[in-house]
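Only one structure is covered here, and it is reproduced in the block below.
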Amino acid sequence: MNTKSLPFTEEELESIIATHPTPFHIYDEKGIIDNIRRFIKAFDWAPKFKEYFAVKATPNPYIMKLLQKEGVGADCSSLAELLLCEKIGLTGHDILFTSNDTPFCEYQKALELGALLNLDDITMLQYLVDNGVETFPDTMCFRYNPGSLKEGGNDIIGVPEEAKYGMTREQIFKAIAFAQKRGVLHFGIHTMVCSNELDVNGLVGTAKICFDLAVEIKNKLGVIIEFIDLGGGIGVAYRPEETPVDFNLLSKGIQHEWESTLKSNGMSDTTIAFECGRMVTGPFGYLVTTAIHKKDIYRHYIGLDACMANLMRPALYGSYHHITVVGKENAPLDHIYDITGSLCENNDKFAIQRTLPKIDIGDRIVIHDTGAHGHAMGFNYNGKLRSAELLLHDDKSVTEIRRAETYDDLFATLDFSHL
Ligand SMILES: *Cc1c(COP(=O)(O)O)cnc(C)c1O
């Protein structure tokens, strides 16, 4: 269970809206910090434990900076994300570059920043050589795709053989040998087979897959894996009846595998890392909107001033996002609505047939858990503008950490002068 409460009162929200018109995403700074501290603390047994925030979740430098102060690095998969790291002064092994289908210019930037490269495919080694990389960095990480999890797998972990990511087991061995010939001295492995996973067993299963592979690499190649990256995938309890992942339980499960596999095979100094994004910011973001229209046909519709350009997860994945009608938290849930945006797309709905209190025009409608893959997935279809992002501080003051787009932004790539 989780309460789906708001980090502000109705009055506080109205005073924010007085200077920042809806719609906007607002992030709860204290919520983010407390959560990441709890996560890191849960792994205090793990030597050199490191979390790399998956920047794609909330690619905002203020959020990244907040996390940087907590000792969190950045997991990047594109040039833009690397550039954001550069802007906030994150460099070297504080950046993990876990990309795929990567153009060379992106590797070039990653190398220039001294980022830890996590290669998605064995062909990337030759690709680097072919593009003139003479000297490889002294540390490299390789992404492992365990394929069909016949032995040792479980129902919770998905179907990695259908995923485009990572290398086969044999390719991992070949990649290490290739890299050794190019002077690479330190090796890491990575796997990520879960997404939005709330079951600790699936996440512990990922660790076991990696730890077992590290032992096999040691036995077969005599190479000590010094860095194990367990990817992201820790879920968010989007529904009130779901329970967030218990970090201590997760940590205990991984520690158990670590002791029986890594530690007992002489790899107790190996760094354990995560690349979590969703759980770091997801539950601490709120899309604040206003109900602007009401429509009664075969169903009852509430039209918001936001649309799927502000949050596309419901339309893209059919995801549930909890909705609070501000000031009506205790009102009876006696209406059923589809909550819509204004795109000319029938899937532009934040909720379908949702039981809610009676909504009136002008009500503030807050959509929960939009802190990851919310604003970040924004787009401009129908010429909709992306909203502002606000950071709510503990003292309830607010910093605008990204302004809303304007029509000048939207048309910036058009040259009207040749018409
Ligand atoms: C998306 C992604 C992550 C983050 O996953 P979450 O589910 O947000 O924790 C980490 N690593 C890679 C390579 C990813 O693509």
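Just follow the structure's listing: the first ligand is 1, and inside any ligand the first atom is 1.
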Yes or no: does Ala372 have any heavy atom under 4.0 Å from an atom of ligand 1? no
Are Phe274 and Phe39 an aromatic pair, judged by ring center distance below 6.0 Å? yes
Aromatic contact between His321 and Tyr238, with the criterion being ring centroids under 6.0 Å apart: yes or no? yes
Answer side chain, backbone, both or neither: which part of Val280 comes under 4.0 Å from ligand 1, heavy atoms only. neither
Residue-level breakdown please: for Lys56 versus ligand 1, do any non-hydrogen atoms fall below 4.0 Å on the side chain, on the backbone, on both, or on neither? side chain
Say you draw a straight line from CD1 of Ile401 to CD of Glu29; how long is it, rounded to the nearest 0.5 Å? 9.0 Å
Pick one of side chain, backbone, both or neither for how Arg143 approaches ligand 1, counting any non-hydrogen atom pair under 4.0 Å. side chain
Atom indices of ligand 1 within 4.0 angstrom of Cys276 heavy atoms, with elements: 9 (O)
Identify the protein heavy atom lying closest to atom 10 (C) of ligand 1, giving its residue, its atom name and the separation to 0.1 Å. Glu275 O, 3.0 Å
Greater than 12 external heavy atoms within 6.0 Å of Lys87's NZ: no
Using a plain distance cutoff, I'd like to know if Asn196 has any nitrogen or oxygen under 3.5 Å from a nitrogen or oxygen of ligand 1. no
With nothing but distance in play, are any N or O atoms of Gly277 less than 3.5 Å from an N or O of ligand 1? yes
For ligand 1, which atoms, with element, lie under 4.0 Å from some heavy atom of Gly232? 5 (O), 9 (O), 10 (C)
Evaluate Gly233 for polar contact with ligand 1, using N/O atom pairs at a separation under 3.5 Å. yes
When the ring centroid of His186 is compared with that of Phe227, is the distance short of 6.0 Å? no
The closest protein heavy-atom partner of atom 5 (O) of ligand 1 is Met192 CE, 3.4 Å
Any idea which protein heavy atom is nearest atom 8 (O) of ligand 1, and the distance to it? Arg278 N, 2.7 Å
Have Asn100 and Lys164 got a donor and an acceptor in their side chains that come within less than 3.5 Å? yes
Which ligand 1 atoms, with their elements, are less than 4.0 angstrom from a heavy-atom of Ala54? 3 (C), 4 (C)
Under a 4.0 Å threshold between the charged nitrogen and the carboxylate oxygen, would Asp409 count as salt-bridged to Arg403? yes
Pairing of Glu14 and Arg364 as salt bridge, 4.0 angstrom limit: yes
Polar proximity ligand 1 side, Thr98 side, N/O cut 3.5 Å exclusive: no
Flag the pair Ile367 / Thr324 as yes when at least one side-chain heavy-atom distance between them is below 4.5 Å, and no otherwise. no
Do Ile32 and Tyr27 come close enough that some side-chain heavy atom pair is under 4.5 Å? yes
With heavy-atom distances below 4.0 Å as the criterion, list the atoms of ligand 1 near Asp75. 10 (C), 11 (N), 12 (C)
